[in-house]
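Notes to accompany the following structure.
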Amino acid sequence: MHLVLLGPPGAGKGTQGARLAAHLGMPQLATGDVLRAAVRDGTKQGLAAKSFMDRGDLVPDEVILGIMKEALAKPENAKGVILDGVVRTVPQAEGLARVLKELGTELDFVLVFNAEDEELVRRLGGRTVCDKCQTPYMGRESGTKCEKCGGTLVRRKDDEPEAIRNRLRVFQEQTAPVLQWYRVHEEMGGPRVVHVNAIGPLELVEQRVRKAVEG
Ligand code: AP5
């Protein structure tokens, strides 16, 4: 099963993607995590992506298509992957469909996380993430330790107010049209598009996600 998680910044794609991956025993691919690791390691790809990410802009489609292609061809991802934030433009949606077809498979689900901007700003303004495993936390100070791996919690540069505003704008301008693209393709027999109310306690949202996928 291949599944795309689509939604604005702070909607909980990373949080719920990890829970669903553990529940289904499936791998999760988050392009944001891949890119942040590349920035941290100082690779060519990371250096090229850093300024886009810090401002809250999307990195170029070619970079994402390269990451997608490489990851999906790995044997451990052959049975299916939870694709968290991997598709944010129409060319990326087209590219993903093409790559999966070449691999003899297809996308099954698009899970759309819905939440109002006010809540997204509140969440991102209060988020810290582990500098090692990238687990996001709420209500935990920078400099404290990650419960999962012992790494140090930090604030993301793109969680500063101006970058948050830009990310929300970028979502409306470049990623919202992807939803329309998937709706049209659903009518032509493409992947099922399912909306999830992303507001509420983590466990409640998790139940909604499972229900959306498992029925
Ligand atoms: P990425 O890291 O994917 O950032 P994003 O899409 O902006 O998403 P976030 O990680 O901010 O939010 P999330 O939805 O995962 O929420 P989370 O679970 O953390 O991408 C970063 C950048 O990389 C992009 O801006 C771009 O530059 C680049 N990039 C990546 N992919 C790309 C692509 N395909 N094309 C081009 N560029 C790309 O939750 C947020 C907070 O809320 C956490 O603190 C969490 O604890 C809390 N929380 C979660 N759920 C709840 C709840 N139900 N109630 C209360 N709090 C909650």
Side-chain angles (χ1 to χ4, degrees), residues 4-21 28-39 45-46 48-69 71 82-96 111-130 133-142 146-148 153-160 162-175 178 196-209:
V4 158
L5 309 186
L6 199 71
K13 304 179 295 295
T15 303
Q16 295 298 336
R19 287 175 176 233
L20 187 63
Q28 179 185 11
L29 172 68
T31 29
D33 290 351
V34 172
L35 290 166
R36 273 186 295 279
V39 170
Q45 185 184 64
K50 187 175 185 316
S51 59
F52 291 97
M53 296 177 76
D54 287 350
R55 285 194 303 270
D57 284 334
L58 297 184
V59 305
D61 286 338
E62 311 85 77
V63 176
I64 301 300
L65 292 169
I67 294 173
M68 215 187 256
K69 213 166 173 177
I82 295 174
L83 299 157
D84 162 8
V86 174
V87 180
R88 300 184 197 221
T89 65
V90 170
Q92 291 177 15
E94 291 166 344
L96 176 65
L111 275 194
V112 185
F113 287 72
N114 296 316
E116 300 87 28
D117 282 6
E118 202 180 312
E119 171 68 4
L120 301 173
V121 170
R122 190 191 69 78
R123 287 183 188 178
L124 296 175
R127 173 169 68 178
T128 47
V129 296
C130 174
C133 71
Q134 309 209 24
T135 296
Y137 288 90
M138 200 61 174
R140 295 276 308 272
E141 293 295 316
S142 302
C146 172
E147 281 162 18
K148 275 196 185 160
L153 303 193
V154 294
R155 287 271 302 152
R156 270 171 51 173
K157 199 154 183 197
D158 61 351
D159 281 347
E160 294 305 320
E162 193 174 328
I164 293 176
R165 275 195 297 277
N166 190 39
R167 287 158 71 200
L168 291 170
R169 199 164 42 233
V170 166
F171 178 79
Q172 286 308 328
E173 289 173 6
Q174 298 184 57
T175 307
V178 175
V196 176
N197 174 2
I199 302 290
L202 293 183
E203 290 68 26
L204 180 61
V205 179
E206 184 178 10
Q207 290 304 323
R208 293 180 190 138
V209 169

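Order of appearance sets the numbers: ligands from 1, and atoms from 1 within every ligand. Note that the numbering runs from 1 along the sequence shown for the chain.
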Discussion item. Assess whether a salt bridge exists between Lys13 and Asp84, defined as any Lys/Arg side-chain N lying under 4.0 Å from an Asp/Glu carboxylate O.
Written reply: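 Salt bridge between Lys13 and Asp84, a charged N being under 4.0 Å from a carboxylate O: no.
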Worksheet item: Can you list, by chain and residue number, every protein residue with a non-hydrogen atom closer than 4.0 Å to ligand 1?
Response: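 Near ligand 1, by chain and number: Pro8, Pro9, Gly10, Ala11, Gly12, Lys13, Gly14, Thr15, Thr31, Gly32, Leu35, Arg36, Met53, Asp57, Leu58, Val59, Ile64, Gly85, Val86, Arg88, Gln92, Arg123, Leu124, Arg127, Pro136, Tyr137, Met138, Arg156, Asp158, Arg167, Ala198, Gly200, Leu202, Val205.
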Discussion item. Restricting to side chain to side chain donor-acceptor pair (under 3.5 Å), what partner residues turn up for Asn197, sequence neighbours left out?
Written reply: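 Side chain to side chain donor-acceptor pair (under 3.5 Å) list for Asn197, sorted by chain: empty.
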Practice prompt. Report yes or no: does Arg88 contribute a side-chain atom to a donor-acceptor pair with the main-chain N or O of Gln174 at less than 3.5 Å?
Written response: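 The answer is no, because no donor-acceptor pair under 3.5 Å joins these two groups.
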Worksheet item: Do Arg167 side-chain atoms and Pro9 backbone N/O form a donor-acceptor pair below 3.5 Å?
Response: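 No: the side chain of Arg167 does not pair with the backbone of Pro9.
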Fill in: Inter-residue atom distance Asp61.CG - Gln92.CD, 0.5 Å rounding
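It comes to 4.5 Å.
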Worksheet item: Looking at side-chain heavy atoms only, is the closest gap between Val154 and Ser142 below 4.5 Å?
Response: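 Val154 vs Ser142: side chains apart.
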